[in-house]
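Each chain gets a letter, A, B and so on, in the order the sequences are listed, and its residues count up from 1. No experiment lies behind these values; they were computed from the predicted model shown.
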Amino acid sequence: MPDVTKTPGTAAESAAETAAAAGEAAVVAAPASSGKPRSLWSDAWGDLRRNPFFVISALLIVLLLVMAAWPSLFTSTNPRNGDLTHHFLTKPEYGDVFSADWFGYDKQGRSIYARVIYGARASISVGVLVTIAVTLLGGLVGMIAGYYGGWVDSVLSRVTDIFFGIPFFLGSMVILVSFSDRKVWVVASAMAFLGWTQIARVMRGSVITTKQSDYVTAARALGAGTGRIMFRHILPNAIAPVIVVATIALGGYIAAEATLSYLGLGLSEPTISWGIDISDAKDSIRDNPHVMFFPAGMLCITVLAFIMLGDAVRDALDPKLR
Amino acid sequence: MGRYVARRLLQMIPVFIGTTLLIFLMVHWLPGDPIKALWGDKVPDPAQVEALRHKYGFDLPLWHQYWNYMTDLFQGNFGETFGGRQVSDVMGEAFPVTIRLAVVAFVIEVVLGITLGVFAGLKAGKALDTAVLVFTLLVISVPVFVLGYIFQTVFGVQLGWVTPNVRNSEDITELILPGAVLGSLSLAYVARLTRTTISENLRSDYMRTALAKGLPRRRIVGVHLLRNSLIPVVTFLGTDIGALMGGAIVTEGIFNVQGVGQQLYRAVNQGEGTTTVGIVTVLVLVFLFTSLIVDLLYAVLDPRIRYA
């Protein structure tokens, strides 16, 4: 083995030489094939950048993430500070941009504007946490079921069917009702416990298709281990549909958290969340619709941004659907 | 065909047992004592608590409780509520209401969803298509409870077209508004799914053949295109029936419809496991049988699919 006797310096040099040679080859080949072949991902990225829906939703999401991370950038009012001299009889001062009065006050005299800003964190955290958990859990189940097939697949698929059979909202309510202090991670875990089935099914289907590819057979013939085949060869080629489903689902999970909070079974005080505020506002909707309008509006904009992002990602990764 | 149905029915058994076991464990295993909760803030009498525990079988080990529940269930006995009513009576009152609401929602979703989807799919890339896309995007983004309050305030209170709350659930006209809210999300999905398959199938060979044969456009779109494009839509619609019936909790709450959703909400909050498990059991059965019917419908829609 000549490589063993070489010093690190010469190894690096030879690597650089090879790279240079490859570069030269690429330059030579350029007129014929216009550079190196583009992967699915760089192709998708090129599509995304030119999609106006993606640009709008990405900008909105960046703004919302900044809001969730540093709410004090947007308001200096304490969202928990109730001042009954305001009460919700103080109507919004619409022209007064970014002041505490902008969106008016709720029943307990808290600034709705400040609460809407601070509410972003809980809602987005739940959505992102559930999506990550569901992708890991469902992805693992789907990967194992799809890769091994046979009785492993039968068992895992039946387990998936069982969890799929439980209505999502209903199941989350049954779990969450037994917790009195429902923090972000509690709500996220309950939702993830029931929500992983769709990803598992998509992943399983995708893995079964990818498993039959020639490069997988080649890798196995070259003696690659199960782990290497699964994570280096199958995963990168099977993950695209999962990413599509997960991105679209993220918006849905944010809406689901708000719905659970609205029913009184989602996040609990003192967490600030749009769902809780909408639930509080429902008794006074006839006389003070603005109390519900702003948190509901922010919720809709956030869900819209994530669904739009998911749509754009799907169009980019799965051109057949267009 | 018969053998296929028999095999599917057999496959349903483990899923049915698994799902009821899972919801049973979720209801009874998680912390919280529904018997003590019956006393509210008062101090419960230990002897009475024990008596009630024994009455509802909560003093038995969990597997024994599940076994008792299932053996009762197969004799048609769903158990009783804390108020002493038979759960089957409660469901007998609530299910017809929810089924009516779900049917209204389903009709709205099928008619509007498929119509929008077909027109958008035929004009893929044109202004109408974009309009339908934006419309469905907005419908998907507005959570059901927000949409419910918007519809109630606008159509019920301000315009006065319908009563804001449902007073008589046997009057179908009163169910149109809650039905539209309940079906809205699925309507958007149906429209998108139809649009995608229609615009995909427009490019298929059989469409070119039909066109070349000189068939009228109505027949090409109405028979050749629609029938072939409906398979994924029917799959979605089939699984949606169960979802509409179980997902009416929010809509029924907003519009005061006394259906399954209201009973479930009450049962979950009071920790009344028998009602929750009973209703979920029925919903799971609905879900399993609709998926079987959907699979059998495939063969009707596409004669190439045969079941041995």
Shortest non-hydrogen contact from [X] to [Y]?
X	Y	answer
B:S141	A:L304	OG-CD1, 3.0 Å
A:C300	B:V146	SG-CG1, 4.3 Å
A:V303	B:I140	CG1-O, 4.3 Å
A:I162	B:P14	CD1-O, 4.2 Å

What part of [X] lies closer than 4.5 angstrom to a heavy atom of chain B: side chain, backbone, both or neither?
X	value
A:F168	neither
A:L265	side chain
A:I278	side chain
A:F306	neither

Exercise. In terms of ring plane angle, is the pair A:Y262 and B:F145 parallel, tilted or perpendicular, where the classes change at 30° and 60°?
Worked result: parallel
Can you tell me which portion of [X] sits under 4.5 Å from chain A's heavy atoms? Options are side chain, backbone, both or neither.
X	value
B:I23	both
B:L133	side chain
B:F16	neither
B:V268	both

For this session: Name the option with the most non-hydrogen atom pairs under 4.5 Å to chain B; the candidates are A:A258, A:G297, A:G252.
Result: A:A258
For this session: With a 4.5 Å cut-off on heavy-atom pairs, point out which of A:F169, A:F163, A:F293, A:F193 contacts chain B the most.
Result: A:F163
About how many Å separate [atom2] of [Y] and [atom1] of [X], when rounded to the nearest 0.5 Å?
X	Y	atom1	atom2	value
B:Q11	A:S157	CD	OG	10.5 Å
B:I150	A:M292	CD1	CE	9.5 Å
A:D161	B:M12	CG	CE	11.0 Å

Problem set entry | B:V284 vs A:I166 side-chain heavy atoms within contact, under 4.5 Å | no
Problem set entry | Min side-chain heavy-atom separation B:N269-A:M173 under 4.5 Å | no
Exercise. Around atom CD of A:Q198, are there more than 12 heavy atoms of other residues, nucleotides or ligands at under 6.0 Å?
Worked result: no
Exercise. Passes side-chain contact (heavy atoms from CB on, under 4.5 Å), A:L170 versus B:L283? Steps please.
Worked result: CA-CA 11 Å; A:L170 201 55; B:L283 288 176; 4.2 Å; yes
